[in-house]
Amino acid sequence: MITGDHPETARTIATELGIAEPDGRVITGVELEKMSLAELKTVVGDTAVFARVSPEHKLRIVQALQENGEVVAMTGDGVNDAPALKRADIGIAMGITCTDVAKEAADRVLVDDNFATIVAAVEEGRVVYDNLRRFIMFSGAGNVAKVLVVAVPPLIGMMAMLKPIQILFSNLLTDGLLGLGIGMEAAEKNTMRRPPYAPGESVFSRGVGLHIALVGPLIGALFIAFGWWQWHALGLPAALADDPTKQGPLFVLWGTLMFTAMAFMQIARVFCSRSFTLPAWGSALSDNRVLVVMAGLTLALQLAAVFTPGLRAFFHATPLNAT
């Protein structure tokens, strides 16, 4: 609390709000005048109430917090708040009683003058950023796997597992529909209890980059192993002698298996990417109905590409039996 009011008035209100203890220290503008920036940096983190301050004092308090590495939000409504609102990392003007000068200096205007709205906005921002990280983690690992699935098989005697049109369709389903679904994930229970991300922290931090680096190649390796097994189970090495162009029904069947397995794997994996801390079964499906709908639509479109006569010719696919 930074106010121009009397110290005892500020202390009483701060105590009622739970901002300060009844015997907590209140620093006045007179004391601030005598402090250097280094001294202010020392006390500003432990002091909850500043009273009888001027616009210059508010500006110094914000500066001291920033020098300590804090991300500072400042609220205010008067002309005397404008310099601090401008200097803060985010200045929030109180919209109902606010002066035009404060509104111009602020980054955001709180139209309902309710401080709880600031908390809700911070939570929404964290949810949006978390969902961005979820999408990058899900899409990045999947695309690393697809690169390996396309690049490696021809080097070990197999044909390319996916046709170009199948790759494009897979990206449309997974990065498009499933990505849209995972972008609608609700806040996790600890969203407002965990420390915030540092402003300079990479989006690949806290395990996202490691997940892509480990899970992407793992999926690709497992998929290639599955393709190798089916390549030999279907007798395709022997079939090469009769069909060196690799256009026969067995080759189409093998490609359809890989095409469909990739879609099924991505549908399953998106539900494993919903939380950074919980397993796939730890989040209720009702928390993200959009993802459930997108997964169902992805499954329906994949099956349509395989079983619809006109579409399967376009996607170089053939119907699959239950086995």
Side-chain angles (χ1 to χ4, degrees), residues 1-126 129 187 190-201:
M1 176 187 287
I2 310 174
T3 177
D5 290 337
H6 189 277
E8 289 306 316
T9 303
R11 187 200 308 274
T12 301
I13 295 175
T15 301
E16 291 178 3
L17 293 175
I19 295 174
E21 298 296 329
D23 57 348
R25 182 182 181 183
V26 176
I27 294 180
T28 65
V30 174
E31 294 174 272
L32 277 173
E33 287 285 355
K34 300 175 182 179
M35 292 183 184
S36 66
L37 179 59
E39 293 172 323
L40 182 56
K41 285 169 60 177
T42 302
V43 302
V44 74
D46 300 322
T47 304
V49 182
F50 298 86
R52 285 285 189 246
V53 294
S54 67
E56 180 185 354
H57 297 148
K58 296 180 181 182
L59 187 62
R60 289 190 67 204
I61 293 168
V62 171
Q63 181 183 1
L65 287 167
Q66 290 175 327
E67 290 281 341
N68 285 340
E70 302 288 353
V71 177
V72 181
M74 173 76 184
T75 62
D77 59 4
V79 173
N80 61 340
D81 295 314
L85 288 171
K86 189 70 175 178
R87 174 61 189 259
D89 295 286
I90 175 167
I92 306 170
M94 312 301 285
I96 296 177
T97 60
C98 193
T99 62
D100 290 338
V101 174
K103 287 181 180 179
E104 287 295 325
D107 300 292
R108 297 288 183 272
V109 177
L110 193 63
V111 295
D112 61 1
D113 277 14
N114 187 345
F115 283 102
T117 303
I118 300 175
V119 181
V122 171
E123 182 176 16
E124 185 67 21
R126 290 190 175 195
Y129 188 63
N190 69 336
T191 296
M192 292 300 286
R193 293 187 177 92
R194 61 168 170 77
Y197 295 111
E201 190 171 341

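When a residue number appears, it is its place in the shown sequence, counting from 1.
Put simply, the side chain of Pro55 does not reach to within 4.5 Å of the side chain of Lys58, judged on heavy atoms. Considering only heavy atoms from C-beta on, Asp112 comes within 4.5 Å of Leu110 through its side chain.
Shown are Ile27, Val49, Val53, Asp81; of these, the side chain to side chain contact (heavy atoms under 4.5 Å, CB included) with Ile2 is made only by Val53.
The backbone N or O of Val43 lies less than 3.5 Å from no partner atom in the side chain of Asp46, so there is not a single donor-acceptor pair. Using a distance-only test at 3.5 Å, with no hydrogens or angles considered, no donor-acceptor pair links the side chain of Arg11 to the main chain of Val26. Of the possible polar contacts, none joining the Thr117 side chain to the Asp113 backbone as a donor-acceptor pair under 3.5 Å is found. In this structure, the side chain of Asn68 engages the main chain of Lys41 through a donor-acceptor pair within 3.5 Å. Judged by distance alone, with hydrogens and angles left aside, the side-chain atoms of Asn80 form no donor-acceptor pair with the main-chain N or O of Ser54 at under 3.5 Å.
For Asp100, the CG atom sits in a loose shell: 12 or fewer heavy atoms of surrounding residues, nucleotides or ligands are nearer than 6.0 Å. The local environment of CD in Glu67 is crowded, with over 12 non-hydrogen atoms from other residues, nucleotides or ligands closer than 6.0 Å. Within a 6.0 Å sphere centred on CD of Glu39, other residues, nucleotides and ligands contribute more than 12 heavy atoms. At most 12 heavy atoms of other shown residues, nucleotides or ligands fall within 6.0 angstrom of atom CZ in Phe115. Atom NZ of Lys86 is surrounded by 12 or fewer heavy atoms from other residues, nucleotides or ligands within 6.0 Å.
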Test log, rule salt bridge (charged side-chain N to carboxylate O under 4.0 Å, His left out), inputs Glu123 and Arg126
CA-CA 5 Å; Glu123 182 176 16; Arg126 290 190 175 195; over 6 Å; no
Could you go step by step and tell me if Glu31 and Thr28 meet the side chain to side chain donor-acceptor pair (under 3.5 Å) rule?
CA-CA 5 Å; Glu31 294 174 272; Thr28 65; 3.3 Å; yes
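Contact detail for His6 and Arg52: the closest heavy-atom pair is N-NH1, 3.4 Å. For Ala88 against Asp107, the heavy-atom pair with the smallest separation is O-OD2, 4.3 Å. Contact between Arg87 and Val62 at its shortest, heavy atoms only, is CG-CG1, 3.9 Å. In terms of heavy atoms, Val44 sits closest to Ala64 at CG1-CB, 4.2 Å. The two atoms that bring Ala51 and Ala10 nearest to each other are CB-CB, 4.1 Å, heavy atoms only.
With values rounded to the nearest 0.5 angstrom, Met94 atom CE is found 8.0 Å from Asn114 atom CG.
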